[in-house]
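Written below as C-alpha cells is the structure these notes are about.
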Amino acid sequence: MRVEDNIKKIAADLLAYYDVHARKLPWRAPPGANAADPYRIWLSEVMLQQTTVAAVGPYFAKFTKRWPDVAALAAEEDAEVMAAWAGLGYYARARNLLACARAVADAHGGTFPDTEEGLRALPGVGAYTAAAVAAIAFGRRAVVVDANVERVVARLFAIATPLPAARPEIRSATDVITPDLRAGDFAQAMMDLGATICTARNPACGICPLRDDCAAVLTADPAAFPIKAAKKAKPHRLGHGWWIERPDGHVWLVRRPDKGMLGGMRALPSSEWNDAPDGTPPLVARWRRVAEPVAHVFTHFSLALTVHHAHVGQDVTPPGDGEWWPVAEIGRAGLPTLFARAAEAAMKEGKKDARL
DNA sequence: TATACGTGGAA
DNA sequence: TTTCCAAGTAT
C-alpha cells in the first residue's frame, strides 16, 4: 500500500469508528440536528481545558441554562460568572470567558469569528481551542492537538522524542493524518479514542480501531508513549485564613486580586502562602485556632491553611475591601474549593465555640 | 522554553 | 497514601 493510502486509511478507520461509537455529550449536536452552535462549542471547549468530561457536565448545564447565548453571558456581572465557575478550577478561564463573550458581543456583533485566526485572537482561546472551534463549529479543516491527540499520535507513529520537545513533530504528524473533510469529527473521534481506548494507562489495544495502523502496539510497552520528562517535586506551603463573624450571622469575605492564585474569586482573608507566613490576624479579637489545618493540593504546590475564628462587634469593619456575607448563604458565595473547606472548618469550630 | 494556574477521580 | 492525569492558555 502506498504511504498516502495508508495515511488516508487512518482517518477512514477512525471516522468509521466514530460513526458507530461517538460519545453522546451535551455539547455535541444530536445526529440530524442543525449545525453545532458555536457558543456551546466554545463554552464546552473552554470548560474542558485540563478538565474531565464528568466535571464539566453540571457546569455546562448550569451555564447554558442561565446564559443561553453569548449576548446573555456578555451582559452578566463579573461576580455572578465567577461564582458560577467556583469549584471548576483554573479561574483565569472564567475571567477570559467573560472577556471573550464581551469581545464577541461588542467587537464582532454577537457572532463568533469563523476562522482559526479570528478565534485565536479572542481572550482565553489558544491554539487548541481555536482549531477545535473552527473545525467542530464551522467545519473548517484545522489541526486539533490536545493531550489525547498527542498521546494517540505519539503511539501511532511510535514517536520516541520526549514531551514537550516532541510537540512540533506530533503536530505535523497530526496535520498529515487530518482529513480535508470532517476535520471536526476527526478531532472529536481522536479525543474519544484517547479518552476511552487509547488511554494514558492500560490502553485497550485489543479493541482499538487503529490497531492495524499503530506502530506502538508492536513494541513491548505501547503505553510508554508519549515519553515524558520527569516532573519536579511539589513544594509544600503554609498559610493562615481568618473567619470573622458578626453577631448578625455575617462573615467577612474579600475578593482576591485578578492575578495569581484563585484570582478574582471571593475568599476568606488570608496570609501569603509560603514557608513561614505572617500569622498576624487582620484585626484584634479573641481568636480561636481550628485544630486541624485545611490540607489542599494545587497544581504546583500543596498547602496547609490554618484557619482562625473570631466573633467581632456589629460595628466592626475589617481593614481592606470586602463584604459581609450571610453565613447561612455561604454556599452561594462561590468560594473556590480551598476556601469552601476552610469555611466548613470554621463553621464547625463556631458551633463548638457556641457550646462553651 | 518554562512556569503559574484548580480540582477531583482513578490506580 | 501517593502519583498521575484531564478537550490548555498566558506570560
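The sequence lines fix the lettering, A, B, ..., with proteins before strands; numbering per chain opens at 1. Given the structure is predicted, the values throughout are model-derived calculations rather than measurements.
- The interatomic distance linking A:Leu25 (CG) with C:dA7 (P) rounds to 12 Å, in whole Å.
- Using a 4.0 Å heavy-atom criterion, one finds that A:Thr129 contacts the sugar-phosphate atoms exclusively.
- The side chain of A:Tyr128 lies closest to C:dA7, out of C:dA7, B:dG6, C:dA6.
- The aromatic ring centres of A:Phe63 and A:Trp85 sit less than 6.0 Å apart.
- Contacts between residues 299-308 of chain A and DNA chain B, counted as heavy-atom distances below 4.0 Å, involve A:Thr299, A:His300.
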Are any protein N/O atoms closer than 3.5 Å to N/O atoms in nucleotides 8-10 of chain B? If there are, list each pair with its distance.
unit_1: B:dG8; atom_1: OP2; unit_2: A:Arg341; atom_2: NH2; d: 3.3

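- Pairing each heavy atom of A:Ile244 with each of A:Pro269, the nearest pair is CD1-CG, 4.4 Å.
- Rounded to an integer number of Å, the gap from A:Leu119 CG to C:dA7 P is 21 Å.
- The cationic group of A:Arg289 does not satisfy the cation-pi geometry with A:Trp243, failing either the under 6.0 Å distance to the six-membered ring centre or the 45° limit from the ring axis.
- Mapping A:Pro168 and A:Leu338 onto DNA chain B by nearest heavy atom places A:Pro168 closer to the 5' end of the strand.
- The minimum heavy-atom distance linking A:Pro179 with A:Leu15 is given by the pair CG-CD1, 4.4 Å.
- The side chain of A:Arg237 contributes no N or O atom lying less than 4.0 Å from OP1 or OP2 of B:dA4.
- Residue-level contact check: A:Arg95 touches neither bases nor backbone, having no heavy atom under 4.0 Å from any strand.
- Judged by a 6.0 Å distance limit and a 45° cone about the ring axis, A:Arg237 is positioned over the six-membered ring of A:Phe301.
- Comparing the P positions of B:dG8 and C:dT9 gives a spacing of 22 Å, expressed to the nearest Å.
- Distance check on atom P: B:dT3 versus C:dA7 gives 23 Å, rounded to whole Å.
- With ring centers used as reference points, A:His296 lies under 6.0 Å from A:Phe298.
- As rounded to whole Å, 12 Å separates atom P of C:dT11 from atom CG of A:Asp258.
- Nucleic acid contact class of A:Trp27 (heavy atoms, under 4.0 Å, all strands): base.
- Rounded to whole Å, the separation between the C1' atoms of C:dA6 and B:dC5 comes to 15 Å.
- In this structure, A:Arg246 is not positioned above the aromatic face of A:Trp252 in the sense of NZ or CZ being under 6.0 Å from the six-membered ring centre and within 45° of the axis.
- Look at A:Arg151 and you'll find a side-chain N or O under 4.0 angstrom from OP1 or OP2 of C:dA6.
- Using a 4.0 Å heavy-atom cutoff across all strands shown, A:Ala147 reaches sugar-phosphate atoms only and no base atom.
- If you measure from atom NZ of A:Lys259 to atom C1' of B:dG6, you get 19 Å, rounded to the nearest angstrom.
- Heavy atoms of A:Met191 sit under 4.0 angstrom from at least one base atom.
- Taking 3.5 Å as the limit, the base of C:dA7 and the side chain of A:Arg23 contain a donor-acceptor pair of atoms between them.
- Atom pair A:Leu163:CG and C:dC5:P shows a separation of 10 Å (rounding to whole Å applied).
- Side-chain atoms of A:Tyr90 come within donor-acceptor range of the base of B:dG6, with a qualifying N/O pair under 3.5 Å.
- Using a 4.0 Å heavy-atom criterion, one finds that A:Ile41 contacts no nucleic acid atom at all.
- Residue A:Leu48 is the one, among A:Asn96 and A:Leu48, whose nearest nucleotide of DNA chain C lies closer to the 5' end (criterion: closest heavy atom).
- No donor-acceptor contact under 3.5 angstrom links the side chains of A:Glu45 and A:Thr129, judged on distance only.
- Sequence order on DNA chain C of the closest nucleotides to A:Gly126 and A:Thr199 puts A:Thr199 first from the 5' end.
- A:Phe225 and A:Thr219 get closest at one heavy-atom pair: CE1-OG1, 3.8 Å.
- Taking atom CH2 on A:Trp273 and atom C1' on B:dG6, their separation rounds to 11 Å, with Å as the unit.
- When all heavy atoms are compared, the tightest approach of A:Arg93 to A:Met47 is NH1-O, 2.8 Å.
- In this structure, the nucleotide among B:dA2, C:dA7, B:dG6 sitting nearest to the side chain of A:Pro164 is B:dA2.
- Distance from the side chain of A:Glu45 is smallest for C:dA7 among the nucleotides B:dG6, C:dA7, C:dG8.
- No contact: A:Gly194 has no heavy atom under 4.0 Å from any strand.
- The interatomic distance linking A:Arg171 (CZ) with C:dG8 (C1') rounds to 15 Å, in whole Å.
- Among the atoms of the strands shown, only primed sugar atoms or phosphate atoms (P, OP1, OP2) are found under 4.0 Å from some heavy atom of A:Lys232.
- Taking a cutoff of 4.0 Å between a charged side-chain nitrogen and a carboxylate oxygen, A:Asp69 and A:Arg40 do not qualify as a salt bridge.
- Phosphate contact (OP1/OP2 of C:dT3, side-chain N/O of A:Lys234, threshold under 4.0 Å): absent.
- To the nearest angstrom, P of C:dC4 lies 15 Å from CD of A:Gln50.
- Among the atoms of the strands shown, only primed sugar atoms or phosphate atoms (P, OP1, OP2) are found under 4.0 Å from some heavy atom of A:Leu262.
- Residues A:Ala333 and A:Leu253 share a closest heavy-atom pair of CB-CD1, 3.8 Å.
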